Amino acid sequence: MSKRVYIYTVGCQMNQLDSQLVADLLGQLGYQVVESTRQADIILFNTCSVRQHAEEKIYSLLGRLKHLKRQHPQKIIGVLGCMAQKDQEAIFRRAPHVDLVVGPGQLVHLPELLAQARRATGPVLAVSPWAEGLDRRTLLAGFEPFDPPRRPQAGQPPFQAYVRIMSGCNKACTYCVVPRVRGPEQCRPPEEILEEVHRLADAGCLEVTLLGQTVNSYQYHSGGRTIRLADLLAQLHQIEGIRRIRFLTNHPRHMTDELLQAVRDLPKVCPCFHVPAQSGSNTVLRRMQRGYTVEYYRQMLARIRQTVPDAAITSDFIVGFCGETEEDFQQTVRLVEEARFKNAYIFKYSPRPGTKAAECYPDDVPQAIKRRRNNQLLQRQNQISLEENQKFIGRLVEVLVEGPSKLGQKAPETQATLQLTGRTRCERIVVFPGDRRLAGQFRMVRITGATPTTLLGHLEEQPRGSSSQPECEMLLPLLPISAPK
Ligand code: SAH
Ligand code: SF4
Ligand code: F3S
C-alpha cells in the first residue's frame, strides 16, 4: 500500500513542531512526505483553535477536498491538533469526507490510528477526555505527551530546531482555548531534553528554541531538587555545537530574577523575551484573569531592562476584549508607547466557545471598533519598531543565515541578486544579497537600511578580534566566521 503523506499546518510554533514530529514519525515508518494533496494517499491538517479565523480557514480547505475524496475514496483525510480536540465528532458532521480526527494529546497513537482509518471501518476519533470538573489525574493521563524520538534532520532546516520542554497550560485566561485543547501543564524531564539537544547538536544543529505555553514556569522535581528554566538553560549552555538558545512564550508572572540573571550570564542564551501583556488596562487584565496588574508588568519590564540592558522584548495584545472601553484601549496604547517593544502581535478578540469569557461576558465591542483599535495600535507599534530598527543602521551584526528570502525568491536568481535572510541574536530579520550556500553559517552583515520588520544590509567579512561597534550581539565575543562548505 502506498504511503505518501501531505501535512498542512496552521497555528503556533508548538503546532509546527508537532507537524515536524508527525512527519518524522511517519517517515521512520516508511511514509514519504509530499508537497501536494493530489500526490498524497494521506492528507493531514494540523489545526489551531485560538481564533475563529484559524478554524474557518481549515473548514474551508476541507470543503475544497470533497471533490478529490469523491474521485479518490481511498485517500485518507485527517484533522489533527487543537481544533480536533475542540470540535471532536462535530468535524465529521461538518465535513463528512474526513476519516480521522486526532487531538494533540493523542498524536502519539497516530500510526495505529492511521492504520485503523485505512481499514475503512468508519470514521476514527481519538481525543483526550475533557469535561468541567474532571480531576487533574484523569486529565493528565488523557493528554499524553508527544515527544517521539526524532531523527536529527526532522526539523527543517537542520541547523535550527524547536524543542518542547513542556506541554499544556495551567493558567485560566478567560479568553483562551489553549488549556482546554492542550490540557494541563506537563514538564518534560530535563534528562530527556538534554539528550535530545545533544543529539541535535551532534547532527549540526546550531540554534534551539525551547517551547512552552508558559515556558518560564518550567519546573521539574527530581531527587529532592527542583530544576527550573534557569537551571535548564545553564545545562543546555554546556552542549558543544549549540551556539544560540531561545525560549518562548513567557508569562509575566514567572519572570524571576534568577531567569534574568541566567540570560545575562549565559552568552549562548539570546537576550529575547516574548512576554505578552495582552492589555494595558487593569480592568481588562482582571476580566482576562491574567493574574497581574499593568503596574506589575511595567516593573517586570524595568527588571528585564536593568538586568539584560540589550534585551529585545516582544508582546501580544488583544484589542476589543469584552467590555473594553476607549479609555481601556488608550491605556494599552500608552503601555505600547512606553515599553518600546521590538515588535508586538495584535489580535482582535475572538470569542472561543467553552471559554469563560465566551460564556460570561458579552462580546460587546463592534467589529468596526475592534478593527480600528487593531490598526491604530499596529500603526503605533510599527513606528516604534521602525525607530528601534533604524538604530542598527551603520552597525555590524552577526546573523545565522537561514536561506533565500521570500522577497528574493520572486526575482530571477543570479548570485549577485539572490537575497538571503538571517537572524541576529536579538531575533531581528536581516536581508542581504549572498550565495544560498551560506545557509546555516554565521556571517557579519553591515546594516544599511531598516523597515519595521526587517534590517537590510550587505555581507562584510570581519577579521576576528578587530574592533567593531558594539550592538545587541556584541556582549558576546566575536565568534569565528565559519568557512563556506
Ligand atoms: N501562551 C501564550 C499565548 C498563547 S495564544 C501566552 O500566554 O501568552 C497566542 C496569543 O493569541 C495570545 O498571547 C493572545 O494574544 C492571542 N489570543 C488567545 N486567545 C485569543 C482570543 N480568544 N482572541 C484573540 N486573540 C487571542
Ligand atoms: Fe492561554 Fe493564558 Fe495559557 Fe497563554 S497563559 S496559553 S493565553 S491560558
Ligand atoms: Fe493554536 Fe493550539 Fe497553538 S490553539 S495557538 S495551535 S496551542
Side-chain angles (χ1 to χ4, degrees), residues 12-29 46 81 103-111 128 136-137 139-156 158-170 182-250 254 258-259 262 266 268-270:
C12 62
Q13 291 89 347
M14 218 27 121
N15 250 24
Q16 289 171 32
L17 172 60
D18 281 342
S19 289
Q20 290 169 4
L21 295 174
V22 162
D24 186 52
L25 178 67
L26 297 180
Q28 293 182 53
L29 297 170
N46 195 8
Q106 295 293 310
L107 283 176
V108 68
H109 303 296
L110 187 62
S128 309
R136 199 178 148 76
R137 191 187 289 258
L139 272 178
L140 280 173
F143 284 91
E144 297 178 51
F146 179 56
D147 297 303
R150 71 207 259 185
R151 294 175 297 181
Q153 70 273 29
Q156 293 294 328
F159 50 86
Q160 289 174 316
Y162 289 133
V163 173
R164 185 174 1 249
I165 67 165
M166 61 201 287
S167 57
C169 178
N170 276 356
R182 289 266 173 183
E185 183 178 299
Q186 303 193 57
C187 294
R188 256 181 109 184
E191 314 79 62
E192 210 180 294
I193 300 166
L194 286 163
E195 222 251 325
E196 185 167 309
V197 177
H198 265 293
R199 272 191 290 114
L200 288 164
D202 288 346
C205 182
L206 301 168
E207 179 182 286
V208 288
T209 302
L210 311 179
L211 297 184
Q213 290 298 345
T214 55
V215 74
N216 54 347
S217 73
Y218 175 88
Q219 53 172 349
Y220 194 87
H221 307 286
S222 159
R225 264 198 77 201
T226 302
I227 315 282
R228 297 181 199 279
L229 180 57
D231 308 307
L232 193 60
L233 290 173
Q235 292 181 28
L236 291 167
H237 193 267
Q238 292 175 18
I239 298 179
E240 216 177 300
I242 296 296
R243 298 262 300 262
R244 286 179 175 177
I245 305 170
R246 305 186 185 282
F247 54 96
L248 52 93
T249 296
N250 295 281
H254 299 281
E258 193 195 9
L259 175 60
L266 300 168
K268 289 181 183 177
V269 178
C270 297

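A quick note: this is a predicted structure, and the numbers were derived from the prediction, not measured.
The closest donor-acceptor contact from the side chain of K268 to the backbone of I245 lies at 3.5 Å or more, if one exists at all. Of the possible donor and acceptor atoms, none in the side chain of E196 sits under 3.5 Å from a partner among the backbone N and O of D147. For Y218 (side chain) and I227 (main-chain N/O), no donor-acceptor pair under 3.5 Å exists by modelled atom type. Panel note: side chain N216, backbone N250; no donor-acceptor pair is recorded below 3.5 Å. Judged by distance alone, the side chain of R164 and the main-chain N or O of R188 form no donor-acceptor pair under 3.5 Å. In this structure a side-chain-to-backbone donor-acceptor pair under 3.5 Å is missing from H198 to I239.
S217 and E185 share a donor-acceptor pair across their side chains, judged by distance under 3.5 Å alone. Side-chain atoms of Q235 and D231 form no donor-acceptor pair, as typed in the model, at a separation below 3.5 Å.
For the pair S128 and G142, the tightest heavy-atom approach, listed with the atom from each and the gap, is OG-O, 2.9 Å. Scanning all heavy atoms of the two residues, the minimum distance from Y220 to P189 falls at CE1-CA, 3.5 Å. Looking at every heavy atom in both residues, Y162 comes nearest to Q13 through OH-CG, 3.4 Å. Summarising the geometry of M14 relative to M166, their closest heavy-atom pair is CE-O, 3.3 Å, with the distance given to 0.1 Å. Considering all non-hydrogen atoms of both residues, V22 and L110 come closest at CG1-CD2, 3.6 Å. Among all heavy-atom pairs drawn from L200 and A161, the shortest one is CD1-CB, 3.9 Å.
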Q: Give the intermediate values and the outcome of side chain to side chain contact (heavy atoms under 4.5 Å, CB included) for residues L107 and L25.
A: CA-CA 10 Å; L107 283 176; L25 178 67; over 6 Å; no
Q) side chain to side chain contact (heavy atoms under 4.5 Å, CB included) between L210 and L233: does it pass, once the steps are laid out? A) CA-CA 9 Å; L210 311 179; L233 290 173; 3.9 Å; yes
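In summary, D24 and R151 engage in a salt bridge, as defined by a charged side-chain N under 4.0 Å from a carboxylate O.
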